[in-house]
Number of protein chains: 2
Amino acid sequence: MCPVALASFVTTLQVSDVPLLAANFQPKTACSSCNLAELCLPVDLTQTEMEKLDELSPLKRNFSRSDYLYRSGDKFRSLFAIHSGSFKTQILHEDGREQVTGFQMAGEIIGLDAISTDMHACEAVALENSVVCELPFNKLETLSREIPSLQRHLHKIMSREIVRDQGIMLLLGSMRAEERLAAFLLNLSQRFATRNMSATHFQLRMSRQEIGSYLGLKLETVSRAFSHFQEVGIINVKVRAIEIVDLARLKSCLNSSR
Amino acid sequence: MCPVALASFVTTLQVSDVPLLAANFQPKTACSSCNLAELCLPVDLTQTEMEKLDELSPLKRNFSRSDYLYRSGDKFRSLFAIHSGSFKTQILHEDGREQVTGFQMAGEIIGLDAISTDMHACEAVALENSVVCELPFNKLETLSREIPSLQRHLHKIMSREIVRDQGIMLLLGSMRAEERLAAFLLNLSQRFATRNMSATHFQLRMSRQEIGSYLGLKLETVSRAFSHFQEVGIINVKVRAIEIVDLARLKSCLNSSR
DNA sequence: CACGATTTTTGATATATATCAAACACGCTG
DNA sequence: CAGCGTGTTTGATATATATCAAAAATCGTG
């Protein structure tokens, strides 16, 4: 099994998504100094269980920018662990509207929405060149009947997605534009940090338009919010290159409710 | 095991939540003429599996209006199947803001968010006198290792919650006020219909304030949208009593995007 | 390296929804 | 059934964000 897929599935020190709100930020874990593949090697698996996991034998597949990993309506067969790169997921409404429901990066699992109906409910598009491990879901179910800690982990991954989604509902339902952008940047920062990348200097992989769709704003509003944060010295923006200058102040933006 | 909990867990003809958007509405199922308890008796379980399910031996508990089923931060032990009545779930932000994340009714499962961290991430409050079956999660996990169709069903319930949440993101991120209310009413209507109650005449269990929180609107905006729908003859509203007069036109509201 | 296409920024204006405020209706309790 | 508290409706106004538009910057590609 590829190390990232393993990492995503086997550990309790989960690299996967975190709640969107800064309030829920957790400190970096003890093993944050190792790299991603090493980050979360099996903690609670026996040798036999490890060997069983090999039965998954996930396929690795490469994607270029704007390739589809799956489309809405596709037959569900597998979950996908992102090995490297990043994706966006989005739902399409019949009238052409689309809503970005998430941005996923290395170590995160996507495709959970499809279990419900055996069909993908949204579509996943690569934001850059990416590598993905395909995890056949029937094998995963069989294995998780045999390996309780894998079963629990799968449940946690699904539950975490539910919690993440609810955080976004809070954001979309009750925050103003600049709060949303602050929450978004803080979430990214935290996820980069978990991956031993800089929490303060990073490159956005998505357009203003995509950020806007995710945050329920128009692209111009996103752009203005970036500009304003820069004006007041909270961040430096050069198009997609972000530097967080004053993390504390960025966090304090979240509490300025209406 | 109580029939509703059983129904929620064992069948493929799921009474549980449906996607929020009318676009995804499904026609009533063939067994819609029977009542809730009968609706979804075990289809694909053997006698032995049925007997095993008894091990769950869920507790039934009663709740009055505004009682808490669980609070944010409570230790996670069980999922809950709503036997009768209804609940709201909401997240609290530290600055006092709150966001209603869902309204749940008979046959639906709540508490899935808590699996992620072993702590409830939101709180569940009864909207009326209600009865709930408590399903100890460790027993559920054990059983679902032994009964593959139960395992698959649990996965589907979680996945369905993810899809539902994404539908709400679409609503909050891209719909205008009246579209949101239309989607909300259509969703309720569809869920009442599934329960063999009138799809066109029903009683709201929640306040304008709670609807507003759920839809990302202020209560006055919700009230005005109700009034407007009544003015143009789409619905009749008498405070919490709703009559849908023109279902087709209500559905067409959903496509009038900005 | 230059060109066209795309994305981003910025400005002026429009508009949907929030906010503030008051009247009204309803449900509960004594 | 009267009176009070809470929830709802409606109106007037404020404001955040959308919309429209144009310029500027960036990216990809020959």
Side-chain angles (χ1 to χ4, degrees), chain A residues 64-66 88 96-100 125 127-129 171-185 203-232 235-242 253 256-258, chain B residues 64-66 88 96-100 125 127-129 171-185 203-232 235-242 253 256-258:
Chain A
S64 305
R65 188 175 142 63
S66 81
K88 67 170 174 180
R97 255 181 294 200
E98 59 186 47
Q99 171 75 27
V100 172
V125 184
L127 294 174
E128 61 190 309
N129 294 343
L171 176 140
L172 292 172
S174 73
M175 291 185 184
R176 40 188 46 257
E178 292 195 355
E179 291 180 88
R180 296 183 198 190
L181 188 66
F184 172 71
L185 290 172
Q203 197 75 27
L204 297 175
R205 300 300 179 178
M206 66 293 284
S207 69
R208 298 290 188 262
Q209 155 90 286
E210 288 164 333
I211 296 171
S213 169
Y214 182 57
L215 299 179
L217 302 168
K218 291 294 159 187
L219 66 95
E220 296 94 327
T221 307
V222 174
S223 177
R224 279 183 239 272
F226 271 121
S227 301
H228 182 241
F229 281 157
Q230 174 156 265
E231 264 172 43
V232 299
I235 63 175
N236 276 322
V237 197
K238 208 183 163 205
V239 195
R240 297 196 182 186
I242 304 291
C253 288
S256 61
S257 77
R258 33 178 153 189
Chain B
S64 306
R65 188 176 140 62
S66 81
K88 67 170 174 180
R97 253 180 297 197
E98 60 185 47
Q99 171 76 28
V100 172
V125 184
L127 293 175
E128 60 189 311
N129 293 344
L171 177 141
L172 292 171
S174 74
M175 291 184 183
R176 41 190 45 257
E178 293 194 357
E179 290 181 88
R180 296 184 199 190
L181 188 65
F184 172 71
L185 290 173
Q203 196 74 27
L204 297 175
R205 301 299 179 178
M206 66 294 284
S207 68
R208 298 291 187 262
Q209 157 91 282
E210 287 164 333
I211 297 171
S213 170
Y214 182 58
L215 299 180
L217 302 168
K218 291 295 159 184
L219 67 96
E220 297 93 329
T221 307
V222 174
S223 177
R224 278 184 240 272
F226 271 122
S227 301
H228 182 241
F229 280 156
Q230 173 155 266
E231 264 172 45
V232 299
I235 63 175
N236 276 323
V237 197
K238 207 182 166 205
V239 195
R240 297 198 181 185
I242 304 290
C253 288
S256 61
S257 77
R258 33 177 153 190

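Just so we're on the same page: letters track the sequence lines, and every chain starts at 1. Just so it is clear, the model here is predicted, and its values are computed rather than measured.
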Under 3.5 Å, which protein N or O atoms sit close to an N or O of nucleotides 28-30 of chain D? Give each pair with its distance.
none

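- In terms of modelled atom types and a separation under 3.5 Å, the side chain of A:Arg180 and the main chain of A:Leu215 share a donor-acceptor contact.
- For A:Lys218, counting side-chain heavy atoms from C-beta on, the closest listed nucleotide (D:dA16, C:dT10, D:dA18) is D:dA18.
- Residue B:Ser227 places at least one side-chain N or O under 4.0 Å from the OP1 or OP2 atom of D:dT10.
- As a whole-Å value, the separation of B:Leu219 CG from D:dT6 P is 15 Å.
- Relative to the side chain of B:Lys238, the nucleotides C:dC26, D:dA18, C:dT17 differ in distance, and C:dC26 lies closest.
- Between A:Ser207 and C:dT6 there is no side-chain polar atom (N or O) within less than 4.0 angstrom of OP1 or OP2.
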Any N/O pairs under 3.5 Å between the protein and nucleotides 20-22 of chain C? List them or say none.
| from | atom 1 | to | atom 2 | distance (Å) |
| --- | --- | --- | --- | --- |
| C:dC20 | N4 | B:Glu220 | OE2 | 3.2 |

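- Inter-axis angle, ends of the helix from C:dC1-D:dG30 to C:dG30-D:dC1, five pairs per end, rounded to 10 degrees: 50°.
- Residue A:Arg180 has no polar side-chain atom (N or O) positioned under 4.0 Å from OP1 or OP2 of D:dT17.
- Of all the heavy atoms in B:Gln230 and B:Val237, the pair that sits closest is OE1-N, 2.7 Å.
- Between A:Thr221 and D:dA18 there is a side-chain N or O to OP1 or OP2 distance below 4.0 Å.
- Nucleic acid contact for B:Gly216: sugar-phosphate only, since backbone atoms but no base atoms lie under 4.0 Å from a heavy atom of the residue.
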